[in-house]
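In what follows, a structure is listed as structure tokens, so that the remarks can point back to it.
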Amino acid sequence: MGAGSEKKKEFPPVDEQLTYLKKGIVDLLTEGELRERLQASRRSGRPLRVKVGFDPSAPDIHLGHTVLLRKMKHFQDMGHEVIFLIGDFTGLIGDPTGRSRTRPQLTRQEVLANAETYKEQAFRILSAAKTTIRFNSEWLGKLGAEGFIRLAARYNVARMLERRDFRTRYEAGESIRMHEFLYPLAQAYDSVELRVDVELGGTDQLFNLNVGRDIMPSYKLPPQVVMTTPLLEGIDGSEKMSKSMGNTIGISESPGEIFGKVMSISDGLMWRYYLLCTDFSQAAIETMQEEAGKGTLHPRDAKIRLARELVSGFHGEVAARAAEEEFQRIFSRGEVPEEVPEICLAEGPVLEPGEGGRGWVIHLPVLLAAEGLAASRSAARRLLAQGAVYLDGTRVQEEHLEMEAGRLQDGALLKVGKRRYLRIRKA
RNA sequence: GGGGAGAUUCCCGAGUGGUCAAAGGGAACAGACUGUAAAUCUGUCGCCGUACGGCUUCGAAGGUUCGAAUCCUUCUCUCCCCA
């Protein structure tokens with residue numbers, strides 16, 4: 001997706017840009033305005049300035065976050081300028097959206113360190129060269145009490161209360177703190193300061209983005225175009241992807257882990273991930289979906305393609321190919337994974353003297369729990385009872401909690417469930 | 001300043017003196033099946049113990065009681081109402 005040289009900007013045709021940029025979008029205010037700006041930019045050779053704000057509390061970026069990052073990338077693909085705005089100042093206020101707990105105040109050093117973490121992760125998707133990083137304390141810090149009050153004068157309470165979150169809370173008689181009103185204003189001011197053409201955010205940001213849009217004309221600026229990306233469902237397919245739900249795919253996770261997690265999503269969810277987490281065009285995705293419906297494309301193959309696409313995006317193609325091969329080996333062919341953790345038997349809690357001169361004995365629940373093949377000894381017992389434990393391909397009977405070490409082959413392979421393996425070496 | 005609601009096992013959410021390791025749903029895990037770690041079905045899902053069982057949990061600390069997640073006191077936190 002080349003976007004012209006640095007010297008003389010050339011942009012793809014407006015309709016082509018529009019289709020690509022609109023993919024997966026929830027809100028677009030307004031499409032007409034976006035078209036006009038794209039036309040103007042194409043005429044003048046000036047890229048659009050696209051702003052996206054991020055909270056300074058460095059999270060581990062997961063697939064859900066990448067929906068927005070990917071949309072930023074799409075703008076970059078089309079040759080536009082993306083501003084990655086770190087809300088170090090607004091972070092102090094605390095965005096009222098969603099959570100109620102006030103965030104811990106961060107020091108300058110922490111903010112900078114978090115920014116680095118962001119960069120390291122976000123630039124797996126974004127082009128570092130085409131991204132400008134800014135901090136909003138730069139201008140908001142200078143605003144002062146007077147500036148803030150003047151800023152606040154540009155908006156009114158009725159508009160604020162239009163925000164669904166505020167309105168429902170207000171009508172339900174719940175508390176709304178004054179500072180919560182200041183957050184959208186501060187965010188809006190960022191757009192003024194940066195003279196942005198487009199602001200992007202998650203759907204939950206729609207109101208905040210619109211405040212920026214509303215306020216810009218009073219600074220004699222054209223209102224920014226507002227676009228929102230949807231929230232991605234987690235791998236369970238029901239809840240939103242979030243760390244607390246434990247249904248995430250982290251982009252820093254190992255290739256094998258990402259590949260496997262993608263393969264574990266339901267067939268239906270797969271199309272959603274295609275739409276929101278890849279650069280495939282909507283038309284291409286719909287075609288695949290049709291083919292899958294007709295039976296000409298196996299859903300499994302479509303999912304493998306998705307997994308490959310995602311892994312290679314975060315870890316490169318080589319890693320993606322390796323992850324795929326490994327997946328095929330373990331699940332399609334039922335073979336043993338390339339690398340299996342090993343344990344060297346040594347005297348200790350795992351290996352104990354058996355009774356009645358039986359020599360050394362391995363207590364399986366202890367071993368499984370100690371080596372992380374089961375969460376606890378109790379859990380290991382349950383797995384044993386469920387027939388989930390195999391030794392060299394033979395199911396271990398429930399009652400065999402202890403194994404005589406002397407009978408064990410060197411390099412014996414212990415398998416628990418479908419995915420956990422352990423090779424036992426003799427000391 | 002005054003009044004009220006609430007904090008339950010990973011998440012949501014029942015439970016108001018014993019039958020509670022605590023309903024139900026979700027997630028997770030296992031088995032069967034398969035097209036894959038999809039779907040579906042079945043089972044498991046605090047810890048320790050082969051087992052009978054034992055131990056530790058229901059915001060925190062005390063107390064009442066033969067016995068408490070459930071009652072009382074204090075504390076912490078969240079929220080609401082009236083000033």
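Residue numbers begin at 1 in each chain, while the letters A, B, ... track the order of the sequences.
- Nucleotide B:rA39: unpaired (no Watson-Crick or G-U wobble partner with both distances less than 3.5 Å).
- Atom pair A:K418:NZ and B:rG35:P shows a separation of 15 Å (rounding to whole Å applied).
- Contact annotation for A:G387: backbone-only contact, meaning every heavy-atom pair under 4.0 Å involves sugar-phosphate atoms and none involves a base.
- Between the CE atom of A:M263 and the P atom of B:rA37 there is a distance of 8 Å, given to the nearest Å.
- For B:rA39, the OP1/OP2 oxygens have no side-chain nitrogen or oxygen of A:S266 closer than 4.0 Å.
- Salt bridge status for A:R213 with A:E199: absent, with no side-chain N to carboxylate O gap under 4.0 Å.
- Taking 3.5 Å as the limit, the base of B:rG43 and the side chain of A:Q386 contain a donor-acceptor pair of atoms between them.
- Taking only side-chain nitrogens and oxygens, A:K303 never comes nearer than 4.0 Å to OP1 or OP2 of B:rG35.
- Looking at the side chain of A:R381, the nearest of the listed nucleotides B:rC29, B:rU36, B:rG49 is B:rG49.
- For the residue pair A:H65 and A:Q121, no side-chain donor N or O sits within less than 3.5 Å of a side-chain acceptor on the partner.
- A salt bridge is defined here as a Lys NZ or Arg NE, NH1 or NH2 lying under 4.0 Å from an Asp or Glu carboxylate O, and A:K142 with A:E138 fails to meet this definition.
- Distance noted for atom C1' between B:rA14 and B:rU70: 13 Å (whole Å).
- Close to B:rU36, at under 4.0 Å from its OP1 or OP2, lies no side-chain N or O of A:S264.
- B:rA28 atom P lies 20 Å from atom CG of A:L373, rounded to whole Å.
- With distances taken from any side-chain atom of A:R377 to the nucleotides B:rA30, B:rC48, B:rU36, the minimum falls on B:rC48.
- Put simply, CG on A:D267 is 12 Å from C1' on B:rA37, counting in whole angstrom units.
- B:rC47 and B:rC41: their C1' atoms are spaced 31 Å apart (whole Å).
- The P atoms of B:rU36 and B:rU16 are separated by 49 Å, rounded to the nearest whole Å.
- With respect to the salt-bridge test (charged N to carboxylate O, under 4.0 angstrom), the residues A:E325 and A:R321 do not qualify.
- Side-chain proximity of A:R395 to B:rU36, B:rC29, B:rG31: nearest is B:rG31.
- The side chain of A:P299 has B:rG35 as its nearest neighbour among B:rA37, B:rG35, B:rG31.
- Listed pair A:R300 / B:rG35 fails the phosphate criterion, with no side-chain N or O lying under 4.0 Å from OP1 or OP2.
- B:rA7 and B:rG59 have their C1' atoms separated by 6 Å, given to the nearest Å.
- Nucleotides of RNA chain B nearest to A:V389 and A:K261 differ in position, and the one nearer the 5' end is that of A:V389.
- With hydrogens and angles ignored, no donor-acceptor pair under 3.5 angstrom links the side chain of A:D236 to the base of B:rG26.
- Considering only side-chain atoms of A:S378, the nucleotide from B:rA37, B:rA38, B:rC48 that sits closest is B:rC48.
- Comparing B:rC10 with B:rG46, their C1' atoms sit 12 Å apart, to the nearest whole Å.
- When the C1' atom is used for both B:rC75 and B:rG31, the distance is 49 Å, rounded to whole Å.
- In terms of phosphate contacts, A:H298 brings no side-chain nitrogen or oxygen within less than 4.0 Å of OP1 or OP2 of B:rA38.
- B:rA51 and B:rA69 have their C1' atoms separated by 30 Å, with the value rounded to a whole Å.
- In this structure, A:M270 places its CE atom 10 Å from C1' of B:rU36, rounding to the nearest Å.
- Across B:rC66 and B:rA61, the matching C1' atoms stand 24 Å from one another, rounded to whole Å.
- Of the charged side-chain nitrogens involved, at least one lies within less than 4.0 Å of a carboxylate oxygen, so that A:K73 and A:D77 count as a salt-bridged pair.
- When rounded to the nearest whole Å, the span between CG of A:L310 and P of B:rA37 equals 19 Å.
- Across all strands, A:L269 comes closer than 4.0 Å to no nucleic acid atom at all (heavy-atom distances).
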- Kindly indicate, with the supporting measurements, whether the criterion side-chain contact (heavy atoms from CB on, under 4.5 Å) is fulfilled by A:I304 and A:E324. CA-CA 8 Å; A:I304 285 174; A:E324 180 179 349; 3.5 Å; yes

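- Separating the CD atom of A:E326 from the P atom of B:rA37 is a distance of 14 Å, rounded to the nearest angstrom.
- B:rA51 atom C1' lies 15 Å from atom CG of A:L384, rounded to whole Å.
- There is no side-chain donor-acceptor pair under 3.5 Å between A:S127 and A:Q76.
- Residue A:R382 places no side-chain N or O under 4.0 Å from the OP1 or OP2 atom of B:rG43.
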